[in-house]
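In what follows, a single structure is set out as structure tokens and then discussed.
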Number of protein chains: 2
Amino acid sequence: MPLDRSIIARLSLFEGLGPAELDSILRDARSVRFAKETAIFEQEAEARSFYVLLAGHIRVVRTTPDGRQVIARYISEGEIFGVAAALGRLTYPATAIAAVDCVVLVWPNAVWPDLSSRFPVLAAGTFKTVGARLQDTQARVMELATEQVEQRVASALLRLVKQTGRKTDAGIEIDFPISRQDIAEMTGTTLHTVSRLLSAWEERGIIVSGRQRVTITDAHRLVMLAEHRDG
Amino acid sequence: MPLDRSIIARLSLFEGLGPAELDSILRDARSVRFAKETAIFEQEAEARSFYVLLAGHIRVVRTTPDGRQVIARYISEGEIFGVAAALGRLTYPATAIAAVDCVVLVWPNAVWPDLSSRFPVLAAGTFKTVGARLQDTQARVMELATEQVEQRVASALLRLVKQTGRKTDAGIEIDFPISRQDIAEMTGTTLHTVSRLLSAWEERGIIVSGRQRVTITDAHRLVMLAEHRDG
DNA sequence: GCGCCAGTTTGCGCCAGCGCAAATCGCCTG
DNA sequence: CAGGCGATTTGCGCTGGCGCAAACTGGCGC
């Protein structure tokens, strides 16, 4: 059963491509479902495929030799990921884990040279995504190097809300389960410190939170916290 | 006066290209000299060109809104840099400064689409470099998030030595002037802490150092320091 | 050859945030 | 609806490394 082009037509990555072209691209793809907390690919494994996330949220995690984990980023719907091969790498540099039940499109790496040369828009879009990621990662280096923990955690929450925020009556909620431990692994601190910070912010009415759930109720004050030393 | 193809023939980026192709690539380039401590391009400036370093060493620096600096990386001979435009960015994300007198080749961005499609090897090599940089940057995030200052400084020195080390009778020396402040800006600490660490290491015979100069005399013990908590 | 200055060293006090431990709380399962 | 488990909260003590300040030094320019 061939995939219907409507599933990718709306994605910015494929913008400007015609129906026949979309069909041609989809001919090499298959759609796969991943249950919550299962791995799409693993760090160090041979890179055989690249992916586009159709539905869900994915956590990209790197593990140090001594077993400590760091969350490199979250992938949102419509993003391309696992493009190691296009960047000349033979293995994936990180593990991708479904944060919720996910649906992804999968292409074998072998089709990339052909696909990218036939559809320069696609290649350009992919490299633009990579460029943006490089930029983000460098911004994180700067944050880790120059900012205090409180600023870093505030920034991380704001980034998550911006990327995946869902409006509720209480405020804007992060759209997938995220633990204190996860936030700690994004910001280079411990779950204890994150917990203390969130508690303090909740007391001051800036957020409300629960088990694996965070809602920002006063984004403005959180921005102040992220930027300055007051708030 | 046209540039001679011999200046780039030996670079891995242009590997596998014939004389006519090299000449064709060089036709669009010009060679420029930058004096020590001058800027090749500035953060936030419109990206008009991309570059290849022919001789010297370049420091890539990002500045935070409040004026703190972080060294993103050092560029060595033969590397391509300033490729913002190929990644879909309109401005440079960082400032590039000649750490010593440098010679660079400069191409206007306008020729990139043509050049990269005519010479896929060149495009692939460029994206491979970008991929490696993304990898490096993520590795730095992990280091900043999980390691102590001592480990980070040791790792930074080892990376510099590996990238640009020059053998002397005392050991392996970093091939360009580098201050305690520079090392601090690479590792997210202060020049004071770096100075204390280097003094301690010098006392233990692991390095010898002077004004803007570091020589590793016992790389093995420095590796131990970078990995564990002893040494 | 001398003076100046950027780069470096070092002492001291302090505190942000980690590590450890224990209690508590929600949620899911049976 | 009871039990159990993973997530969260919170107290306490400690310390790595920062901030400040002052002294020192190697090299370059005059």
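Just so it is clear: chains get the letters A, B, ... in the order the sequence lines come, proteins before strands, and each one is counted from 1.
- For the residue pair A/Q163 / A/S76, a side-chain donor-acceptor distance below 3.5 Å is found, with atom types taken as modelled.
- As rounded to whole Å, 12 Å separates atom P of C/dC18 from atom CD of A/Q181.
- Remark: C1' of C/dC25 and CZ of A/R180 are 12 Å apart, rounded to the nearest angstrom.
- Of the possible polar contacts, one joining the A/Q43 side chain to the A/T63 backbone as a donor-acceptor pair under 3.5 Å is found.
- Contact between the side-chain N/O atoms of B/T189 and the OP1/OP2 oxygens of D/dG17 is not found at any separation under 4.0 Å.
- Side chain of B/S195 to main chain of B/L191: no donor-acceptor pair is present (N/O by atom type, distance under 3.5 Å, no hydrogens or angles).
- If you measure from atom CZ of B/R152 to atom C1' of D/dG16, you get 11 Å, rounded to the nearest angstrom.
- The residue B/T190 sits close only to the backbone: its heavy atoms come under 4.0 Å of sugar-phosphate atoms, none of a base.
- Counted by atom type alone, A/T91 and A/E46 present zero donor-acceptor pairs between their side chains at under 3.5 Å.
- Side chain A/H192 to base D/dT8: no donor-acceptor pair is found below 3.5 Å.
- Defined by atom type and a distance below 3.5 Å, a donor-acceptor pair is missing between the side-chain atoms of A/E79 and A/T129.
- A distance-only check finds a donor-acceptor pair linking the side chain of B/T164 to the backbone of B/L160 [under 3.5 Å].
- If you take CD of A/E202 and P of D/dT9, they are 8 Å apart, rounded to a whole angstrom.
- The CG-C1' distance, from B/L191 to D/dA21, rounds to 13 Å in whole Å.
- Not one N or O on the side chain of A/R180 forms a donor-acceptor pair closer than 3.5 Å with the backbone of A/T193.
- Taking atom CG of A/L198 as the reference point, atom P of D/dT8 lies 9 Å away to the nearest angstrom.
- Side-chain atoms of A/R152 come within 3.5 Å of backbone N or O of A/G188 as a donor-acceptor pair.
- A donor-acceptor pair is defined here as one N or O able to donate and one able to accept, closer than 3.5 Å; such a pair exists between the side chain of A/D182 and the backbone of A/S179.
- The aromatic rings of B/F81 and B/Y51 lie parallel to each other, with less than 30° between the two planes, well short of the 60° mark.
- Residue-to-nucleotide contacts include no donor-acceptor pair under 3.5 Å from the side chain of B/R213 to the base of C/dG7.
- A donor-acceptor pair under 3.5 Å is formed between the side chain of B/R221 and the backbone N or O of B/R204.
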Between protein and nucleotides 26-30 of chain C, what N or O pairs are separated by less than 3.5 Å?
residue, atom, partner, partner atom, Å
C/dG26, N2, A/R211, NH2, 3.1

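- For C/dT10, the OP1/OP2 oxygens have a side-chain nitrogen or oxygen of B/S199 closer than 4.0 Å.
- Put simply, CZ on B/R68 is 11 Å from C1' on D/dG19, counting in whole angstrom units.
- A/Q212 places its CD atom 12 Å from the P atom of D/dT9, with the value rounded to the nearest Å.
- Terminal axes of the helix from C/dG1-D/dC30 to C/dG30-D/dC1 (five pairs each, C1' rotation axis) are separated by 50°, to the nearest 10°.
- Scanning residues 163-171 of chain B for heavy-atom distances under 4.0 Å to DNA chain C yields an empty list.
- Ring planes of A/H57 and A/F176: tilted class, angle from 30 to 60°.
- Regarding contacts with the backbone of D/dT10, every side-chain N or O of A/R196 stays at 4.0 angstrom or more from both OP1 and OP2.
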